[in-house]
Amino acid sequence: SADDYEKNLNRIDLQEELRESVRNGFAGFHLCYQLQVSGTDYHVRGAEALLRYESPSRGRISPEEFIPLLEQTELIDPVGDWVLATALHQCKCWRKWVPDFHISVNISYIQLRNEMITQKVLDALKKAELSGESLTLEVTESMQLQEYQYFNQIFYSWRRCGIQIAIDDFGTGYSNMLMLKSLPARELKIDRIFIKDINENNKNSKIVSTIIDIAHSMNLRVVAKGIETPEQERLLTQMGCGVLQGFLYAHPLPTQQIPTLLQRDSLTRQLNVVSCLPQQRSVTL
Ligand code: C2E
Ligand code: MG
């Protein structure tokens with residue numbers, strides 16, 4: 001149809017722009033960071049690095065749109081390397097204010113298929129002068145089941161160096177339980193879809209509390225993402241959720257806005273996390 005044709009043309013144009021950006025030293029790409037806080041005392045634990053792309057012709061493009069294109073074209077390999085190096089560098093810088101600042105980076109299963117990936121991650125850590133414990137790599141359930149064995153070799157090599165694996169979007173894919181059983185994961189991230197109406201929907205709150213119990217029995221850390229209200233926070237902390245992430249604490253922010261927050265905190269021991277939040281939230285470090 002004319003509509004499909006138009007969409008395809010748009011996609012091809014965007015792919016070309018992405019390719020050009022990579023050639024031009026990743027022009028148009030930048031990272032935002034979303035703070036994560038401890039569910040017990042609201043310490044800032046670290047941040048998740050989130051990739052952004054500004055197209056020269058149509059402005060800001062959603063990651064939901066450009067990341068699949070990066071994956072299809074395998075541009076995700078160089079871009080993923082750049083994301084990791086940039087995020088680790090920032091993590092190292094921010095340790096000046098929060099000595100055990102921790103960085104989480106999303107990694108696509110396409111990147112995992114690159115035979116150099118194990119070493120590339122270790123080299124990036126070395127270059128940033130950080131130990132493996134400072135890094136969590138978030139993988140999603142889009143991995144293919146038959147590939148678990150191959151991926152596990154990579155994950156175990158990383159685990160030996162302290163790098164942690166998180167299962168992202170937990171609960172949304174049919175293979176999640178198998179992932180839980182098969183992967184040497186250290187963290188489980190509960191998808192926003194369950195958090196969104198956790199206070200109104202009894203089924204969701206039961207699912208979340210069961211996920212948290214299963215995770216704890218397997219010695220996994222639980223991160224709830226997409227927390228937007230104090231009511232959601234109250235329920236999640238009651239359920240024993242270890243780490244909290246969402247607009248309630250901080251939106252994903254550009255690099256330059258993070259140090260001000262961390263510095264301010266180190267001066268006052270109180271962090272009004274983000275002044276641009278819809279609801280202001282006070283978090284103690
Ligand atoms: P994700 O890993 O699940 O990241 C969390 C997403 O939830 C982010 O969307 C974030 O902006 C959004 N979010 C966080 N808190 C809230 C909240 O309280 N309410 C709502 N409504 N949303 C919240 P974003 O930045 O659009 O990223 C979308 C996805 O793109 C990410 O989901 C991740 O899967 C992927 N992505 C982002 N950066 C990278 C990257 O560097 N590499 C790869 N492979 N994927 C990435
Ligand atoms: Mg993630």
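For ligands, and for the atoms within them, numbers begin at 1 and follow the listed sequence. Just so you know, residue 1 is the first one in the sequence shown, and it goes up from there.
- With no hydrogens or angles considered, a side-chain donor-acceptor pair links Ser131 and Glu133 at under 3.5 Å.
- A donor-acceptor contact under 3.5 angstrom links the side chains of Ser38 and Asp41, judged on distance only.
- At a 4.0 Å heavy-atom cut-off, ligand 1 touches Pro63 through the side chain alone.
- In summary, the atoms of ligand 1 found under 4.0 Å from a heavy atom of Gly246, numbered by their order in the structure, are 15 (N), 18 (O).
- Salt bridge Asp100/Arg95: absent, no basic N to carboxylate O contact under 4.0 Å.
- Side chains of His30 and Thr255: a donor-acceptor N/O pair is absent below 3.5 angstrom, by distance only.
- Using a 4.0 Å cut-off between heavy atoms, Val105 makes no contact with ligand 1 at all.
- Closest to atom 22 (N) of ligand 1, if we only count protein heavy atoms, is Phe247 CZ, 3.4 Å.
- Near Ile227, meaning under 4.0 Å from one of its heavy atoms, ligand 1 places the atoms 18 (O).
- For the 3.5 Å distance criterion, the side chains of Glu233 and Tyr249 qualify, holding a donor opposite an acceptor.
- Atoms of ligand 1 lying under 4.0 Å from any heavy atom of Ser108, numbered from 1 in the order shown and given with element: 44 (N).
- Ranking the protein heavy atoms by distance from atom 3 (O) of ligand 1 puts Lys225 NZ, 2.4 Å first.
- Atom 19 (N) of ligand 1 has as its closest protein heavy atom Glu228 OE2, 2.5 Å.
- There is a protein heavy atom closer than 4.0 angstrom to atom 26 (O) of ligand 1.
- For the pair Lys225 and Asp168, the salt-bridge criterion is met [side-chain N within less than 4.0 Å of a carboxylate O].
- For ligand 1, the atoms sitting less than 4.0 Å from at least one non-hydrogen atom of Arg52 are 11 (O), 24 (P), 25 (O), numbered in the order shown with element in parentheses.
- When only non-hydrogen protein atoms are considered, atom 34 (O) of ligand 1 lies nearest to Asn106 OD1, 4.3 Å.
- Between the side chains of Glu17 and Ser55, at least one donor N or O sits under 3.5 Å from an acceptor N or O.
- The closest protein non-hydrogen atom to atom 38 (N) of ligand 1 is Leu51 N, 3.0 Å.
- With a 4.0 Å cut-off on non-hydrogen atoms, Glu64 touches ligand 1 through its side chain and not its backbone.
- Arg159 and Gln164 share no side-chain donor-acceptor pair at under 3.5 Å.
- With Glu6 contributing its side chain and Ala2 its backbone, the two residues share no donor-acceptor pair below 3.5 Å.
- Close approach of ligand 1 to Arg192 (heavy-atom distance below 4.0 Å) involves ligand atoms 19 (N), 20 (C), 21 (N), 22 (N).
- Ligand 1 has an N or O atom lying under 3.5 Å from an N or O atom of Asp168, backbone or side chain.
- In Glu48, the part holding a heavy atom less than 4.0 Å from any atom of ligand 1 is the side chain.
- In summary, the side chains of Gln111 and Lys120 do not present any donor paired with an acceptor at a separation below 3.5 Å, with no hydrogens or angles considered.
- Every atom of ligand 1 is numbered from 1 in the order shown, and the set under 4.0 Å from a heavy atom of Pro252 is 11 (O).
- When distances to the Mg ion (ligand 2) are checked against a cut-off of 2.8 Å, Asn106 contributes an N, O or S atom below that limit.
- The protein atom (non-hydrogen) at minimum distance from atom 31 (C) of ligand 1 is Leu50 CD2, 4.3 Å.
- Contact annotation: for Leu248 versus ligand 1, there are no heavy atoms closer than 4.0 Å.
- Every atom of ligand 1 is numbered from 1 in the order shown, and the set under 4.0 Å from a heavy atom of Asp169 is 3 (O).
- If you look at Glu138 and ask which of its N, O or S atoms sits nearest the Mg ion (ligand 2), the answer is OE1.
- Under 4.0 Å is where a charged nitrogen must lie from a carboxylate oxygen, and between Asp123 and Lys127 no such pair does.
- Exactly one of Leu69, Leu75, Ile67 qualifies for a side-chain contact (heavy atoms from CB on, under 4.5 Å) with Glu71. That residue is Ile67.
- Applying the 4.0 Å criterion to heavy atoms of Val83 picks out, from ligand 1, the atoms 41 (O).
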query = Would Lys189 and Glu138 count as a side chain to side chain contact (heavy atoms under 4.5 Å, CB included) if you check the C-alpha gap in whole Å, the side-chain angles of each, and the deciding distance to 0.1 Å?
reply = CA-CA 9 Å; Lys189 290 191 88 170; Glu138 300 189 0; 2.8 Å; yes
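- Distances from atom 7 (O) of ligand 1 to the protein include no heavy-atom value under 4.0 Å.
- Taking the Mg ion (ligand 2) as the apex, the angle formed with OE2 of Glu48 and OD2 of Asp168 is 180°, to the nearest 10 degrees.
- Residues Phe194 and Gly171 come closest through the heavy atom pair CZ-O, 3.4 Å.
- Looking from atom 15 (N) of ligand 1 to the surrounding protein, the closest heavy atom is Gln34 NE2, 3.0 Å.
- Between Glu231 and Arg234, none of the side-chain N atoms (NZ, or NE/NH1/NH2) sits under 4.0 Å from a carboxylate O, so this pair counts as no salt bridge.
- What sits closest to atom 46 (C) of ligand 1 on the protein, heavy atoms only, is Ile67 CD1, 3.1 Å.
- Within the structure, ligand 1 lacks Lys189 among the residues with a heavy atom less than 4.0 angstrom away.
- A donor and an acceptor atom, one from each side chain of Glu48 and Gln36, are nowhere located under 3.5 Å apart.
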